[in-house]
Amino acid sequence: MNLFNKSFLVAALVCCASMQVFSQEDNSAKNLPTDYLTPAFHAGRRQALRDMMPANSVTVIFAYPERVFSKDVNYVYHPNPDMYYFSGYKEPDAVLLIFKDMQADGDSSYNELFFVRHRDPQREQWTGRRLGVTGVKKQLGFKRVYNSEEFSKFPIDFKKFKTIIYDDLPDDASGDLKDLVSTFKTKAEIQNVDKGLLSDLSVISRYATPKNIDRIITYIKPRLDGEAYKKSELIQELVNKPDSATLMDVKAKINANPSGLSLFEKFTVELRGVKTPEELVLLKKSVEISSIAHAEAMRAVTPKMSERELEGIMRYVHNKYGAEDEGYPPIVGAGGNGCILHYEENTATKVENQLVLMDVGAEYHGYSADVTRTFPANGKFTDEQKAIYQIIYDAQEEVFKLCKDGVKYGDLETKTREVLSSRLIQLGIIKDAKEVGTYYPHGVSHHLGLDVHDKGEYGGNLKAGMVITVEPGIYIPAGSPCDKKWWNIGVRIEDDVLIGQTEGTLLSKDAPRKWQDVEKTVADKSIFDLAHLPELK
Ligand code: GLY
Ligand code: MN
Ligand code: MN
């Protein structure tokens, strides 16, 4: 159906009776889930942010833009996780302002303003309900809410604030969001900034140490010819005298005068990196659903099954438990396809008697799981597959022991490389530990939450309440410089772990991990064994 076709216009103009159900007053939906994050949770997160913000500052958060899927059809809208975290609002065309201090307004005052998408009964009949001003007040608990069109007229003097904190602006937005962004840029006199430069300064601010000047210079080198870099006094200081003392001096200067962007990153990394009890309820649910789905896919698999069908089984189980989406495009790769880290095509029409690597995680009320299992489609690992699988399993077991408060996050990577390199040497696949990157080309862990690669601190120590992945992998594509018998083996096992004071909790334990349990599960019956559909004509 085309939103702009003639029948829509006619219906919109003439058929007012049919609009009653979408009128301004009645916006209710029935039988909704009852476990959404509460307005009190979101208000608590805004207050936590306010507590971190410097004196006389404001934080400005925009909705993500809508994205075109095909001509007049958009992708299903996915909210900006930061907007969702601080407000619970899941629609486009909005801007949220959080003030450090109360702002006087005649006889009253406020410390947050929310400009949201206006209601539109005709559009709502086609594209779904909108909360609008009244809904945002009633359901999300905000007091000062306006239609987005009112932002331009609203008397806010951004120049009076010492610091304006904001994320990357959605400069490519269209429609109402474009207007909101351009109003903000005008009112706050935001210059167009070089995002690469800002991001590089932020890298220096967060990661520079007296020992890594060479790595920092190698990292920024490809961009040094850019105009913004030539004009940046800080970058030029470093280029003219690339030594540790200068690096520390430049870092101190950046930190003494942080940009609004780096402050936004710093505060949200700190807040979102450690999950609250309310968030953990949802994240655990998301991981549990995904783990059940992995176990069911193992039960259902047969060598004749396609990668796409396995993907569909995962999606079905996610939806069955109420997950709205997947946290990232599902990866289902058989044999050599399992050696492609983010293989998303899932086009092989048969998985055959090969290993199948499935990296698939549900998204439940915004929170993404990230779980990978690798299993033989015929239910029996070959000796070579089992040898590689066991290395990955053992590396995970070693890393799990480190998943507790106070351990340096970087130690997880060091331990992984130690286990993988020594065992690959034992098998004769590599000769020197330095070659481990040939077969293990990614990192072992990342934070998990509203983003699959979530915001969180990577440079420091683990803290209780963080949720991270543990995901060693070995990938040996055909043609690799080792005995042919190892070719086309790709194994990753990925689990989600809640960091505790004295030990971690394995959230994804319902998906079988031990090779013996995997073989047993593949041999089990599945509810999908009975799913016979007619042959296509
Ligand atoms: N599924 C993406 C990742 O494991 O990081
Ligand atoms: Mn991952
Ligand atoms: Mn993954």
Side-chain angles (χ1 to χ4, degrees), residues 78 81 269 272-273 275 283-284 286-295 297-298 307 310-311 313-315 317-318 323-334 337-346 355-364 366-375 389 392-393 395-396 399-400 402-403 409-410 412-413 415-417 420 437 439-458 462 466-475 490-499 504-513 518:
H78 192 283
V269 158
R272 284 180 47 191
K275 273 60 185 175
L283 193 42
K284 283 178 179 172
S286 183
V287 177
E288 185 184 357
I289 292 169
S290 308
S291 307
I292 293 172
H294 272 281
M298 279 185 205
E307 292 175 343
L310 281 167
E311 174 190 333
I313 287 170
M314 296 296 292
R315 289 187 191 266
V317 178
H318 295 170
E324 293 89 346
D325 211 332
E326 282 65 47
Y328 50 94
I331 297 164
V332 182
N337 293 342
C339 298
I340 301 169
L341 301 184
H342 284 180
Y343 173 75
E344 295 167 1
E345 292 139 53
N346 306 345
L355 270 189
V356 182
L357 185 155
M358 302 211 344
D359 182 346
V360 191
E363 184 184 298
Y364 187 83
Y367 288 83
S368 176
D370 190 5
V371 180
T372 307
R373 288 295 182 265
T374 309
F375 50 87
Y389 191 92
I392 298 299
Y393 180 92
Q396 269 199 317
V399 173
F400 289 155
L402 301 174
C403 290
Y409 201 175
L412 278 56
E413 193 59 52
K415 175 55 76 182
T416 306
R417 286 175 183 268
L420 299 191
Y439 300 110
Y440 168 58
H442 57 76
V444 74
S445 177
H446 54 80
H447 288 269
L448 186 67
L450 289 173
D451 290 296
V452 61
H453 301 145
D454 207 30
K455 290 191 170 182
E457 190 52 68
Y458 286 90
L462 293 173
M466 288 178 166
V467 177
I468 63 167
T469 64
V470 175
E471 50 174 311
I474 292 176
Y475 316 90
V491 177
R492 174 161 71 253
I493 317 177
E494 177 170 24
D495 281 276
D496 303 338
V497 180
L498 168 62
I499 304 300
T505 307
L506 189 59
L507 303 181
S508 39
K509 62 179 175 356
D510 290 340
R513 278 181 63 239
V518 170

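All values below come from the heavy atoms of this structure, side chains included, with hydrogens, waters and symmetry mates left out. Note that ligands are numbered from 1 as they come in the structure, with each ligand's atoms numbered from 1 the same way.
D370 and H446 share a donor-acceptor pair across their side chains, judged by distance under 3.5 Å alone. A donor and an acceptor atom, one from each side chain of E457 and H447, are nowhere located under 3.5 Å apart. With hydrogens and angles left out, the side-chain atoms of Y328 and E363 include no donor and acceptor closer than 3.5 Å. When only modelled atom types and interatomic distance are considered, S445 and Y409 share a side-chain donor-acceptor pair under 3.5 Å. Side-chain polar atoms of D496 and S508 form no donor-acceptor pair below 3.5 angstrom.
In this structure, V452 falls outside the shell of residues with a heavy atom less than 4.0 angstrom from ligand 1. For H446, the closest heavy-atom approach to ligand 1 falls below 4.0 Å.
Between D495 and K509 there is no salt bridge, since no side-chain nitrogen of the basic residue lies less than 4.0 Å from a carboxylate oxygen of the acidic one. Salt-bridge formation is not detected for the pair E288/K284: no Lys NZ or Arg NE/NH1/NH2 atom is positioned less than 4.0 Å from an Asp or Glu carboxylate oxygen.
Considering backbone and side-chain N/O of D370, one or more are found under 3.5 Å from N/O of ligand 1. Backbone and side-chain nitrogen or oxygen atoms of R492 are examined, and none is located within less than 3.5 angstrom of a nitrogen or oxygen of ligand 1.
Atom 5 (O) of ligand 1 has its closest protein heavy atom at H453 NE2, 2.7 Å.
For a distance bound of 2.8 Å, the N, O or S atoms of E494 include one lying that close to the Mn ion (ligand 2). Among the atoms of H446, an N, O or S atom is found under 2.8 Å from the Mn ion (ligand 2).
Of all the atoms in ligand 1, the ones that sit under 4.0 Å from a non-hydrogen atom of H342 are 2 (C). The distance from ligand 1 to the heavy atoms of D359 drops below 4.0 Å at these ligand atoms: 1 (N), 2 (C), 3 (C), 4 (O). Numbered from 1 in the order shown, with element, the atoms of ligand 1 that lie under 4.0 Å from a heavy atom of E494 read 4 (O).
Taking the centre of each ring, H453 and Y458 stay at or above the 6.0 Å mark.
Considering the Mn ion (ligand 3) as centre, the angle to OD1 of D359 and to OD1 of D370 is 90° (10° rounding).
Looking at E471 and the Mn ion (ligand 2) together, the shortest N, O or S contact belongs to OE2.
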